[in-house]
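As the structure is a computational prediction, the values presented were derived from the model and not from experiment. As the structure lists them, so they are numbered: ligands from 1, and atoms in each ligand from 1. Each residue takes its place number in the sequence, starting with 1.
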Amino acid sequence: MPQIIDGKAISAQIKDELKEKVQRLKENGVHICLAVVQVGDDPASSVYVGNKKKACAYIGIESLSYELPAETTQEELLRLIGELNGRADVNGILVQLPLPAQIDEDAVIRAIDPKKDVDGFHPQSVGALCIGQPGFVSCTPAGIIQLLRRSGVEIAGKECVVIGRSNIVGKPMALLLLRENATVTVAHSKTRNLQEVTRRADILIVAVGKPRMITREYVKEGAVVIDVGVHRNENNKLCGDVDYEDVAPVCSAITPVPGGVGPMTIAMLMNNCVEAGSAR
Ligand code: GUN
């Protein structure tokens, strides 16, 4: 059976490390504060935002909550971001996505001061990652690098295939793997002979957004498989983009859903907040 990469345990370890770091920063008079902005009351967003605030409380980061009505205008949201950018006591700004249709998400992301961009979504943060300069990195791909490192999976020199090219996961994932000296292929919905491409992978990162699409035909014997997807199956149980039962017997290591990549996203957000607070 493969090694099961335990994202819950690894994220708990990272949060404990951060808790200690925050304690030491407090002793030196540094207080860390994250502003969490939610527009509307999408139930999934409310769960994510609640988990982020809970993680802040555990680590010792103050969180400020801004729960704005669904009818909030872009101007009102941009005004709030401007105010938070100007506040010396706020280190990080998180605007939960998606935003209601009347608000231009790109304009909101661009409005956040890159020094407070703990999501790593600002074009300046993405550009810095692209050319190897310091900056915040999108939390899910950064979490996957930690999962691999802390599970003893070597990345340098490996064939890595990322399925998915989103701005939040696929693209930054490819850039991070490249930074780790992997040979990287990005596959997507228009890729021809997808199985042929994915079967080259020593490390296969799956962010396709289709429940249990990836079966063993897509996986080379002994590959490491990382599943970014989260869906509910016909029995309302969580499942990923990978058909876990089918794939697990042929790979050397795999992340489960739930308990794989998911918990890492929040751990890395907390890491970015601590970095934002330490950099002052
Ligand atoms: N919505 C889904 N994932 C994320 C995330 O990582 N950050 C923000 N801001 N919104 C999200």
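- In terms of protein heavy-atom proximity, atom 10 (N) of ligand 1 is closest to L97 N, 3.0 Å.
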With a 3.5 Å cut-off and sequence neighbours excluded, list the donor-acceptor pairs that the side chains of residues 118-130 form with protein atoms.
from: H122; atom 1: ND1; to: Q124; atom 2: N; distance (Å): 2.9
from: H122; atom 1: NE2; to: R110; atom 2: O; distance (Å): 3.1
from: S125; atom 1: OG; to: D117; atom 2: OD2; distance (Å): 2.6

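- By the 3.5 Å distance cut-off applied to N or O atoms, P98 is not counted among the residues near ligand 1.
- Look at K52 and you'll find a heavy atom under 4.0 Å from some atom of ligand 1.
- There is a side-chain donor-acceptor pair under 3.5 Å between Q146 and R150.
- Side-chain contact between V274 and L25: present, with at least one pair of heavy atoms (C-beta onward) separated by less than 4.5 Å.
- Within the 4.0 Å heavy-atom shell around ligand 1 one finds F121.
- Under the side-chain contact (heavy atoms from CB on, under 4.5 Å) test applied with V228, the options I163, T255, T265, V169 reduce to a single match, V169.
- When each atom of ligand 1 is checked for a heavy atom of Q96 under 4.0 Å away, the hits are 1 (N), 2 (C), 8 (C), 9 (N), 10 (N), 11 (C).
- The part of D119 lying near ligand 1 is the side chain, judged by heavy-atom distances below 4.0 Å.
- Donor-acceptor pairing under 3.5 Å is recorded for the side chains of T215 and E217.
- With a 4.0 Å cut-off on non-hydrogen atoms, V95 touches ligand 1 through its backbone and not its side chain.
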